[in-house]
There are 2 protein chains.
Amino acid sequence: MENNLEKYVDVANCPVRNVLDRFGDKWSTLVLLLLNEAPVMRFNQLHKAINGISQKMLAVTLKSLEGDGLITRKQYAEIPPRVEYKLSTRGASLLPHIENLVQWANANFDAIEESRKAYNK
Amino acid sequence: MENNLEKYVDVANCPVRNVLDRFGDKWSTLVLLLLNEAPVMRFNQLHKAINGISQKMLAVTLKSLEGDGLITRKQYAEIPPRVEYKLSTRGASLLPHIENLVQWANANFDAIEESRKAYNK
DNA sequence: CAGGATCCGGGTAGATACTG
DNA sequence: CAGTATCTACCCGGATCCTG
């Protein structure tokens with residue numbers, strides 16, 4: 001049993017953590033879910049759709065997702081510039097799992113809220 | 001379509017985010033995965049098993065998980081004190097989804113690493 | 001339009017010391 | 001053993017301004 005747990009022990013080098021950290025951040029899942037609803041989206045479209053995100057964080061998030069190959073970025077040589085983001089195959093393969101979590105969260109939200117209240121009372 | 005996205009828009013009041021934030025943190029998933037491997041675990045057992053976590057953060061994480069009803073805490077009136085943590089039914093219902101993510105992460109880790117290298121070059 | 005650069009404040013994790 | 005208390009440092013995110 002002790003050995004069984006070793007695989008989780010080394011947080012720094014854990015591949016799971018390394019990957020999960022990416023969409024455990026504040027905005028990544030949101031972007032992925034949005035890109036799953038539309039075929040492509042532009043920067044400002046995402047910016048408007050995600051209430052509260054700053055330009056900076058959207059840019060950072062998109063870069064991170066692009067760097068991981070979860071989304072693709074297509075830039076058109078036009079003026080004004082146009083950039084389209086879409087889910088990659090890899091990103092699409094991740095999405096069902098995220099949606100499962102979303103469903104679980106929705107299904108358990110009320111109960112969890114009650115637990116929290118009872119706990120903090 | 002615009003309306004379709006509204007549900008993700010309000011980050012502050014989003015139930016999904018509200019729930020996902022809890023185990024999107026640094027340690028929660030790790031604790032849940034560990035508690036899934038053993039029937040019960042004590043504080044120091046977890047502390048040793050999770051390399052790098054501080055007492056404080058373990059305590060905070062356990063409280064949060066207990067507050068959400070994902071784990072249960074059982075304290076024995078002994079000296080020295082003994083406290084056992086175990087997965088609750090609710091926590092157990094969440095775990096399959098986490099494990100799916102873990103599998104996905106493991107399956108895609110190498111490819112993602114390559115993407116990152118290529119991207120940062 | 002799609003970002004980049006910079007500056008700044010607050011929260012959060014970590015270290016350390018202490019306790020029932 | 002199983003935590004709490006306090007203090008500090010750092011990082012992340014937001015705001016603002018600027019640009020190809």
Contact check, side chains of B:E66 and B:T72, non-hydrogen atoms, under 4.5 Å:
no
Counting heavy atoms not belonging to B:E113, are there more than 12 under 6.0 Å from its CD?
yes
Start and end of the DNA chain D segment that chain A contacts, any atom under 4.0 Å from a heavy atom:
D:dG13 to D:dG20
Once each nucleotide of nucleotides 3-20 of chain C is scored for protein heavy atoms under 4.0 Å, what B/S/- sequence comes out, 5' to 3'?
BB-B------BBB-B--B
Whole Å only: how far is the CD atom of A:E84 from the P atom of C:dA2?
9 Å
Distance alone, cut at 3.5 Å: any donor-acceptor contact between the side chains of A:E84 and A:Y76?
yes
Where do A:K86 and A:L35 land on the side chain to side chain contact (heavy atoms under 4.5 Å, CB included) test, with the steps shown first?
CA-CA 6 Å; A:K86 62 184 283 252; A:L35 287 181; 5.6 Å; no
Might you work through the side chain to side chain contact (heavy atoms under 4.5 Å, CB included) test for A:R73 and A:V83, ending with a clear yes or no?
CA-CA 7 Å; A:R73 191 187 114 110; A:V83 178; 3.6 Å; yes
d(CD, A:Q45; P, C:dA2) in whole Å
9 Å
Are B:R116 and B:E114 ion-paired here, with the side-chain N under 4.0 Å from a carboxylate O?
no
Distance check: side-chain N/O of A:R82 vs OP1/OP2 of C:dA2, anything under 4.0 Å?
no
N/O donor-acceptor pairs under 3.5 Å from side chains in residues 87-98 of chain A, not counting sequence neighbours:
unit_1: A:S88; atom_1: OG; unit_2: A:G69; atom_2: O; d: 2.6
unit_1: A:S88; atom_1: OG; unit_2: A:L70; atom_2: O; d: 2.9
unit_1: A:S88; atom_1: OG; unit_2: A:R90; atom_2: N; d: 3.3
unit_1: A:S88; atom_1: OG; unit_2: A:G91; atom_2: N; d: 3.0
unit_1: A:R90; atom_1: NH1; unit_2: A:D68; atom_2: O; d: 2.7
unit_1: A:R90; atom_1: NH1; unit_2: B:S115; atom_2: OG; d: 2.9
unit_1: A:R90; atom_1: NH2; unit_2: B:S115; atom_2: OG; d: 3.4
unit_1: A:S93; atom_1: OG; unit_2: A:R90; atom_2: O; d: 2.6
unit_1: A:S93; atom_1: OG; unit_2: B:W104; atom_2: NE1; d: 2.9

Heavy-atom closest contact (A:M57 atom, A:W27 atom, distance)
CB-NE1, 3.8 Å
